[in-house]
Structure formats: structure tokens, C-alpha cells
Amino acid sequence: MSKKIMSFMMLMVLVVSFGLVGCGKQEAAKPKVLKVGSEASFAPFEFQEEGSKEYAGFDMDLIKAIGKQMGYEVQIQNMGFDGLIPGIESGTVDVAISAMTITEERSKKIDFSTPYYKSGLTIVVKNDNTTIKSFADLEGKKIAVQLGTTGADEAKKVKNAQIREFNSAPEAFLELKAGGVDAVVNDKPVNDYYIAKAGGKDAKEIGQPLTAEEYGIAVSKKNKELTEKINKALDELKKNGEYDKMYLKWFGKKAQ
Ligand code: ARG
């Protein structure tokens, strides 16, 4: 190689590395933002407390703590549950935290963080219902579910059942209260919370969980680095006791 070419190449290396340093500096100057999608009417995971615009709940505390750990400012966008995965795919949001069950079907489209919550489905019926005591008793009944959820998938497996799909879990509960359906199939911790907080006067929860599910934070398949960062932050929060504190705060018991 001639001396001329050599020095030209060295010059290029210098130019490129200075360029990179420059970029790094610029990035550090503006705060990094994590755009988070959630369907925020799923207490105690994500909801708006009456009279407040702030998002509260276990998922909200968790993602804020993860963001802080990673040095990101967290911005929550409330959207339809069935719009969360398309939102990640199109880049409208970076991640979704929404009590979202890790499923094979969803894993084809997005990546999940390591699991952060163990859940499952239960049935809610009216207090005076004496006929529905198990999943098998749902046969031929009218069932309300939230659109696009694992509860909807499970309800669709019931023979001759009429499934009514709602945009949110509270709408499904309202329909039960109004007598439009016989049962709601939905996530146990959310049903527990509903019964404890508001619905206990007229509704009750049936039996053991129908499924064993785990929640994960959904991230674009194109952003492996972000998934890794989130997993690291989650791990750290589990180690330093912050995760346990949040769990106790929202579920009133120790983390499983
Ligand atoms: N865990 C269920 C699922 O993944 C229901 C989640 C609904 N979440 C919500 N924020 N509305 O399908």
C-alpha cells in the first residue's frame, strides 16, 4: 500500500471516529424518552384514579422504575389493547406494558421481556348465580370479555357460548351488572381487585384460575438492545427490593 493511501485511510478513521463522538454528545444532551403504550383501564395494573389524569398501578410504577434505572423519561400513551402490538410494530410506541400475557402467537410479532408477574384467568358471575361453578358450566352461556385478550381466547373455546367482546374490562363488568351476560372471563388479579373495590356487592369470583399465565413487557423485534436493557433493569429492581415493595403496595401480599 502506498504511503499516500495509508495516510488517507488514517485520516478517514479519524474523521469517522470524531463524527461518532459528536453524535454521542448530542444524544446525551437531550433526555432519552421511552414511549410506552398501555390500555389503562385495568386496575390494579394500569388505571386513572378518579379525578386524576395520572396513570397509576403496578405496571405504571414498574415501568417508571425501569425507565429511571435505564436513564429514560417515561411517556405513557393510553390506547386500545388490540392496538398495542401494531403500535410497537409501526413504531408509535417503543414498548407496551399492559398486564400482557406472554403467548406464542404474540411472540411471533414482538419480543417479550422476562416475565414480571404470574397470573391466570378466573370467572366472575353475579352474586345470586347458582348455576356457574366452574369453566364447564359456561357451556351455552353468554360471556363478556375484553377484545383481543387471553380471556377472549379462552371464552371462545366454550361450547355454544355467546361471546360479547368489549373494549375494556370495566365495560364487561358493567354488562354483567346490567344482566346482559352470565359471566365475565378475565385476569384473576383484576377480578380480585374489582370484587374487593366495587363489584363485591353484586358479583363474585369463581374457583381456581383456569390458566397459568405470565405477563411480559412487549418490545419491537428490531430493538433487541432495548429488551436487554429492560431485562437488566427488571433484574436490578428485583434484587434491590423495589419490585417487592411495588408488589406489596398493589397486591397486599408478598411477590410470588
Ligand atoms: N392478560 C390478558 C392478555 O394479555 C389481558 C390483558 C389486558 N390488559 C389491559 N391492560 N387491558 O390478554
Side-chain angles (χ1 to χ4, degrees), residues 35-49 54-64 66 74-89 92-93 95-124 135 143-158 163-176 183-195 197-199 205 208-219 246-247 250-251 256:
K35 286 182 283 171
V36 178
S38 188
E39 193 284 303
S41 52
F42 212 60
F45 291 94
E46 42 264 332
F47 62 105
Q48 282 168 298
E49 248 147 345
E54 286 286 305
Y55 295 108
F58 178 73
D59 282 353
M60 299 294 103
D61 283 356
L62 184 63
I63 197 69
K64 279 180 210 152
I66 287 173
V74 168
Q75 280 174 9
I76 310 288
Q77 276 183 50
N78 193 0
M79 49 210 281
F81 188 74
D82 59 345
L84 293 172
I85 291 180
I88 293 171
E89 288 177 311
T92 310
V93 290
V95 304
I97 188 162
S98 205
M100 191 185 282
T101 303
I102 300 172
T103 69
E104 231 181 276
E105 199 56 35
R106 290 172 181 161
S107 301
K108 286 179 194 155
K109 297 183 186 151
I110 43 99
D111 284 341
F112 280 106
S113 69
T114 48
Y116 69 85
Y117 187 90
K118 280 190 181 35
S119 191
L121 299 168
T122 56
I123 304 165
V124 178
F135 196 63
I143 310 170
V145 295
Q146 184 183 10
L147 188 72
T149 59
T150 49
D153 291 344
E154 210 58 28
K156 283 175 191 163
K157 293 182 192 162
V158 179
I163 313 299
R164 305 263 318 271
E165 295 181 279
F166 293 89
N167 284 323
S168 73
E171 285 169 82
F173 289 133
L174 268 180
E175 190 65 10
L176 177 71
V184 172
V185 174
N186 187 45
D187 299 39
K188 181 177 190 304
V190 175
N191 293 342
D192 290 347
Y193 194 86
Y194 170 69
I195 300 285
K197 289 277 165 183
E205 207 176 339
Q208 292 302 307
L210 313 169
T211 52
E213 305 185 12
E214 283 182 318
Y215 298 161
I217 299 166
V219 190
M246 290 179 229
Y247 197 103
W250 289 105
F251 305 107
Q256 296 162 295

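Order of listing sets the numbers, starting from 1, for every ligand and every atom in it.
Not a single heavy atom of A169 sits closer than 4.0 Å to an atom of ligand 1.
Looking at atom 8 (N) of ligand 1, its nearest protein heavy atom turns out to be S98 O, 2.8 Å. At the shortest separation from atom 11 (N) of ligand 1 among protein heavy atoms lies E39 OE1, 2.7 Å.
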Start with the C-alpha gap between Y55 and E46, add the side-chain angles, then the distance that decides, and say whether side chain to side chain contact (heavy atoms under 4.5 Å, CB included) holds. CA-CA 6 Å; Y55 295 108; E46 42 264 332; over 6 Å; no

Please determine whether side-chain hydrogen bond (donor to acceptor under 3.5 Å, both in side chains) holds for the pair T211 and E154, giving the CA-CA distance in whole Å, both sets of side-chain angles, and the decisive distance to 0.1 Å. CA-CA 9 Å; T211 52; E154 210 58 28; 5.9 Å; no

Could you go step by step and tell me if F42 and Q146 meet the side chain to side chain contact (heavy atoms under 4.5 Å, CB included) rule? CA-CA 10 Å; F42 212 60; Q146 184 183 10; 3.8 Å; yes

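Salt-bridge formation is not detected for the pair R164/E171: no Lys NZ or Arg NE/NH1/NH2 atom is positioned less than 4.0 Å from an Asp or Glu carboxylate oxygen. With respect to the salt-bridge test (charged N to carboxylate O, under 4.0 angstrom), the residues K188 and D192 qualify.
With a 4.0 Å heavy-atom cut-off, ligand 1 is reached by the side chain of D187 but not by its N, CA, C or O. Proximity of R106 to ligand 1, defined as any heavy-atom pair under 4.0 Å, is confined to the side chain (atoms from C-beta onward). With a 4.0 Å heavy-atom cut-off, ligand 1 is reached by no atom of F45.
Residue T150 has at least one nitrogen or oxygen atom sitting less than 3.5 Å from a nitrogen or oxygen atom of ligand 1, judged on distance alone. Backbone and side-chain nitrogen or oxygen atoms of A99 are examined, and one is located within less than 3.5 angstrom of a nitrogen or oxygen of ligand 1.
A centroid separation of less than 6.0 Å is found between the aromatic rings of F251 and Y117.
Against a heavy-atom cut-off of under 4.0 Å, M100 is close to the following atoms of ligand 1: 4 (O). Numbered from 1 in the order shown, with element, the atoms of ligand 1 that lie under 4.0 Å from a heavy atom of Y215 read 1 (N).
The aromatic rings of F173 and Y194 sit parallel to each other, their planes meeting at less than 30°, with 60° as the upper class boundary.
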